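Because the structure is a prediction, the values reported are computed rather than measured.
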Protein chains: 2
Amino acid sequence: MTVRLKDIASDLNLSKMTISRVLRGQTDVSAATKARVLQRMKELNYRPNIAARSLRSGNTFSIGLVIPSLSDPFFTEVARGLVQTVRAAGYGLLISSSEEDPEIERFEIGLQLSRQVDALLVASVQESTEFFDDLGQQHVPMVFIGRKPPSFGAHFVGVRDQDIGYVAAAHLIQTGCHKVAYLRGPRTAAADLRYSGYRAALNDFNIPFRPALVIEACEADRHEYRRGVEAMCRLLTEKVRPDGVMCFSDLLAIGVIDAALNKNLKVPEDIAIVGCGNQPLIQSMKVSLSSVDLAGLEVGQRAAKLVLRILSSEKVASNRSLYVSPRIVVRDSS
Amino acid sequence: MTVRLKDIASDLNLSKMTISRVLRGQTDVSAATKARVLQRMKELNYRPNIAARSLRSGNTFSIGLVIPSLSDPFFTEVARGLVQTVRAAGYGLLISSSEEDPEIERFEIGLQLSRQVDALLVASVQESTEFFDDLGQQHVPMVFIGRKPPSFGAHFVGVRDQDIGYVAAAHLIQTGCHKVAYLRGPRTAAADLRYSGYRAALNDFNIPFRPALVIEACEADRHEYRRGVEAMCRLLTEKVRPDGVMCFSDLLAIGVIDAALNKNLKVPEDIAIVGCGNQPLIQSMKVSLSSVDLAGLEVGQRAAKLVLRILSSEKVASNRSLYVSPRIVVRDSS
DNA sequence: TTGAAAGCGCTAACAT
DNA sequence: ATGTTAGCGCTTTCAA
């Protein structure tokens, strides 16, 4: 059967306590016994039962993470950043995916809590704040990442959507573009904020806003590339020809580049193009794409540090919102 | 503080046992008390402490998964398939990433075992079988997925690399190609097997093998697209012009398509092109790409079913290897 | 249909 | 530097 503390103790004619002390690296054990114990542990391939430990000590040294999707590069980057940082502090990460479904999210959060995670990190897709209000009772430290239920007071680490739009537009303007087009994304609150960042940048740099340069490129799906191509073609029929195009996604931007090259425009000389997401896969197509990096890794790292601080000092100035800055990665397309 | 069985019991003047029975959906409780208990649970937002339950009952209803990378689409697909199937049976999935590092993998596996997972699923990057030999003692059911440590007898669910190469080549041949080129991947055992699948298909269909049509396209990195372009250019300088090209990755294939179009070749009329991986992102670029689907989702589902069977019946015919067939998804490029 | 007692493997708190 | 006692929250086993 599986090896327990008790087995090692009786093997070595020691008490369970001594073994437990060695296990946890306590110092008040003689070097000799410590060595004996460690060796026997190795021989027997002993593994502490964390369930038992946590039952007694009250913490599991595990942190729960619930993200909307395992295939979303932003969130997997967040997870990577978290895992790195948290592991260094001796914590493990329990990852679950809500598949973008609020009900699955609630279920998974419940599961994580049942599993006694010491803290909970959620990129929430809840539409209402109700569920989290109820949850407030159980005083498990919670941090929202990337997305936050509207108007819910809680710790948050993420990127301001408005900044994303702003950074892209500002970059194009600063490289000399005066007629900056925007292929805007779906009609969601987040996408609207990016759009307002675009508007804000135009405003700050005294560039007139031209409605004709804003194109609805809509949903992310497998036709994104085509949408980019079509949008670019439409843009080129407008009276004012844009000299810069920023896109809601990288794939959209690749479509735009192809369409531009096809019309014998030079990128970036005639028209500069910027994507969003900085997806490794499509960074270097025909003309390597400048793109706004959503800083998922940093979001993860910062969220991890925040959680670890909460976990150690038991109390942190409540409800901090921590915003990480997206940054433009300039390549050949701009 | 947190609500426990005991609290509900004393609240309702019942014994802990009755509450426990309701909690686990046992039938031998009167409908009336059952209702009372359930309501009180809801009111108090009670969540069972799984650590405690597992300590007593010996199983955690959680299954561990260790994959090499959270950003690899194949493995996240596997995870999705697993999560779906396993959740339906009341199990949770503990996901960790080894970051392609054998040592981290061993560490994470140890952690999972300490957390008392009921079974362990590993896409292993171990170079030797030693670690798993030692692990054999603890009789936690193990299933390898996708990758298996060389010559280690154990349950396995995955895709035959050879089949991947075969399927791609056979498809091209069956659509009429006689001169099938291959941009082969890195010099790994898995990539070599794909190559031998290519050779096998040529052989089966009586197509002569031409060494000049095999191009080293090497490592997966951010220059893959460029590699595809260059390889295609090189192919077009050969004496025998290929009428079909299969590629180790989708991105390589996109590069090949672009290069072909650039040389005024029609795809697929003059030259048919097939990628590998069936990555959603780049399925529908200029010419939508035919690609070999690696069936990650199915691998996950099958692995989950296998594990669940092992977990229920306690014994399954030992060391099953279960191979899922990759299938070609035909689009416009072939 | 309900309950009482015991104990899963470990560690906190207090000895010695 | 080592040991003793008690108990974490739950379920198993046996009894009523």
Contact class for A:Ile50 vs. all strands (heavy atom < 4.0 Å): base, sugar-phosphate, or nothing?
nothing
Only pairs at least two apart or in different chains count here, so list each salt bridge (charged side-chain N to carboxylate O under 4.0 Å, His left out) that has a residue in residues 62-81 of chain B.
A:Glu99-B:Arg80, B:Glu77-B:Arg80
Using the ring of each side chain (for Trp, its six-membered ring), is A:Phe61 parallel, tilted or perpendicular to A:Tyr91, with breaks at 30° and 60°?
tilted
Just by distance, with hydrogens left out, do B:Gln112 and B:Ser96 show a side-chain donor and acceptor under 3.5 Å apart?
yes
Using the heavy-atom set of chain B and a strict 4.0 Å cut-off, write down the first and last nucleotide of DNA chain C that makes it in, 5' to 3'.
C:dT1 to C:dG9
Check side-chain hydrogen bond (donor to acceptor under 3.5 Å, both in side chains) between A:Ser57 and all other residues, then give those that pass, not counting sequence neighbours.
A:Asn59
Those residues at least two apart in sequence (or on a different chain) that pass salt bridge (Lys or Arg N to Asp or Glu O under 4.0 Å) with A:Glu105 are none
Tell me if a side-chain donor or acceptor on B:Ser114 pairs with a main-chain N or O of A:Asn49 at a distance below 3.5 Å.
no
Who passes side-chain contact (heavy atoms from CB on, under 4.5 Å) against A:Lys305, sequence neighbours left out?
A:Thr85
Side-chain donor or acceptor of A:Ser10 paired with backbone N/O of A:Lys6 under 3.5 Å
yes
For A:Arg47, salt bridge (Lys or Arg N to Asp or Glu O under 4.0 Å) partners two or more places apart:
none
Find the bend of the helix from C:dT1-D:dA16 to C:dT16-D:dA1 as the angle between its two terminal axes (five pairs each), to the nearest 10°.
30°
Per nearest nucleotide of DNA chain D, the residue lying toward the 5' end, A:Ser30 or A:Arg56, is A:Ser30
List the residues meeting side-chain hydrogen bond (donor to acceptor under 3.5 Å, both in side chains) with A:Gln39, not counting sequence neighbours, and say none if there are none.
A:Glu43
Here's a test of your reading of the structure: between A:Arg4 and B:Thr18, which maps to the more 5' nucleotide of DNA chain C?
B:Thr18
Contact boundaries of DNA chain D with chain A (under 4.0 Å, heavy atoms), 5' to 3'?
D:dA1 to D:dG9
Look at atom CD of A:Glu130 and say whether more than 12 heavy atoms of other residues, nucleotides or ligands are closer to it than 6.0 Å.
no
Determine all donor-acceptor pairs shorter than 3.5 Å in which one atom belongs to a side chain in residues 28-35 of chain B; sequence neighbours excluded.
unit_1, atom_1, unit_2, atom_2, d
B:Ser30, OG, B:Thr33, N, 3.3
B:Ser30, OG, B:Thr33, OG1, 2.6
B:Thr33, OG1, B:Ser30, O, 2.9

Going by heavy atoms closer than 4.0 Å, what residues in residues 22-29 of chain B are next to DNA chain C?
B:Asp28, B:Val29
Residues in salt bridge (Lys or Arg N to Asp or Glu O under 4.0 Å) contact with A:Glu103, at least two apart in sequence or another chain:
none
If you assign each of A:Ile19 and B:Ser57 to its closest nucleotide in DNA chain C, which residue comes earlier from the 5' end?
B:Ser57
Assign B:Thr33 to base, sugar-phosphate, or nothing according to its heavy-atom contacts below 4.0 angstrom with the strands shown.
sugar-phosphate
